[in-house]
Amino acid sequence: MEPPLILICVDHRANVLRHFEQATHFGVNILAEDQEALSVRFAERGLDRFNGIDWHPGATGVPLLGGALARFECATRQSIPAGDHLIILGEVLHAEWENGAPLLYYASSYHTAQPRKRD
Ligand SMILES: Cc1cc2nc3c(=O)[nH]c(=O)nc-3n(C[C@H](O)[C@H](O)[C@H](O)COP(=O)(O)O)c2cc1C
């Protein structure tokens with residue numbers, strides 16, 4: 001937390017990797033549970049992902065998505081090659097968030113987070 005850091009992991013085979021390697025800043029958007037279509041769109045290859053969607057540049061120029069549960073503007077601090085991914089550490093310069101449930105992805109499908117039931 002001192003300083004606040006966040007990490008992303010980018011596949012060495014991803015075309016976006018070269019942009020992250022050169023960027024001084026990057027944005028992280030935590031999608032809300034109703035944004036599955038947006039996640040699917042950003043996982044597709046060969047299209048302009050930002051064309052026609054609700055986004056705006058933050059103070060540092062990074063893309064921030066409308067309707068996201070949380071948005072972080074980060075300054076790139078360190079990159080660590082690790083297996084087939086590059087781990088990129090960013091210092092969070094600005095964060096904004098709303099109440100709600102995040103969109104989750106595990107076991108090859110989308111989920112939402114529910115409070116655990118207590119006996
Ligand atoms: C839910 C979800 C999460 C993903 N997370 C990552 C990730 O953390 N790092 C990564 O490199 N690829 C991740 N991917 C795969 C990328 O979306 C995919 O490799 C990328 O779209 C490749 O496009 P590009 O080669 O044009 O960059 C994820 C895909 C999905 C569906």
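Numbers here simply count residues along the sequence, with the first being 1. What you are looking at is a predicted structure, and each value in this text was computed from that prediction instead of being measured. We count ligands from 1, going down the list as the structure has it; atoms in each ligand are counted the same way.
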Heavy-atom proximity to atom 26 (O) of ligand 1 ranks first, among R18, R49, E44, for R49
Of T76, I8, L86, the one forming a side chain to side chain contact (heavy atoms under 4.5 Å, CB included) with F20 is I8
Q | Min side-chain heavy-atom separation V40-L38 under 4.5 Å | A | no
Atom 19 (O) of ligand 1 sits nearest the protein heavy atom A14 CB, 4.7 Å
Minimum side-chain heavy-atom gap V92-L5 below 4.5 Å = no
Quick note on ligand 1: atoms under 4.0 Å from a heavy atom of D11 include exactly 10 (C), 11 (O)
Counting from 1 in the order shown, the ligand 1 atoms closer than 4.0 Å to a non-hydrogen atom of V10 are 11 (O)
| message | When you compare ligand 1 with C9, is there at least one nitrogen or oxygen pair between them that comes in under 3.5 angstrom? | response | yes
| Any salt bridge between E98 and R71, counting N to O under 4.0 Å? | yes
Worksheet entry | Distance flag for atom 31 (C) of ligand 1, protein heavy atom under 4.0 Å | yes
Exercise. For atom 16 (C) of ligand 1, decide whether some protein heavy-atom distance is shorter than 4.0 Å.
Key: no
Closest heavy-atom pair, R49 versus V16, reported as atoms and distance to 0.1 Å, is NH1-CG1, 3.8 Å
- Does G46 reach ligand 1 with a nitrogen or oxygen that is under 3.5 Å from one of the ligand's nitrogen or oxygen atoms? no
Taking distance alone, with no angle check, do A43 and ligand 1 share an N/O pair under 3.5 Å? yes
Using protein heavy atoms only, decide if any is under 4.0 Å from atom 5 (N) of ligand 1.
-> no
Heavy-atom closest pair (D11 atom, H85 atom, distance to 0.1 Å) is N-CD2, 3.4 Å
Closest non-hydrogen contact found for V28 with C74 is CG2-SG, 4.4 Å
* **Any protein heavy atom nearer than 4.0 Å to atom 12 (N) of ligand 1** => no
Exercise. Output yes when a protein non-hydrogen atom is found under 4.0 Å of atom 22 (C) of ligand 1, and no otherwise.
Key: yes
heavy-atom search around atom 2 (C) of ligand 1 in the protein gives Y105 CD2, 4.4 Å
Margin query: Over 60° means perpendicular and under 30° means parallel, so tell me whether Y106 and H111 are parallel, tilted or perpendicular.
Written below: parallel
For F42, the ligand 1 atoms with a heavy-atom partner under 4.0 Å come out as 17 (O), 21 (O)
Tightest non-hydrogen contact, residues L65 and N29, listed as N-OD1, 2.8 Å
CZ of F72 to CZ of F26, rounded to nearest 0.5 Å, is 11.0 Å
* Looking at ligand 1, does any of its N/O atoms fall within less than 3.5 Å of an N/O of S39? -> no
Short N or O distance, N15 and ligand 1, threshold 3.5 Å exclusive:
yes
* **Side-chain donor-acceptor contact under 3.5 Å, S39 with Y105** => no
Note: Y110, heavy atoms under 4.0 Å from ligand 1, region reported as side chain
Atom 25 (O) of ligand 1: of H12, R45, H85, the nearest heavy atom sits on R45
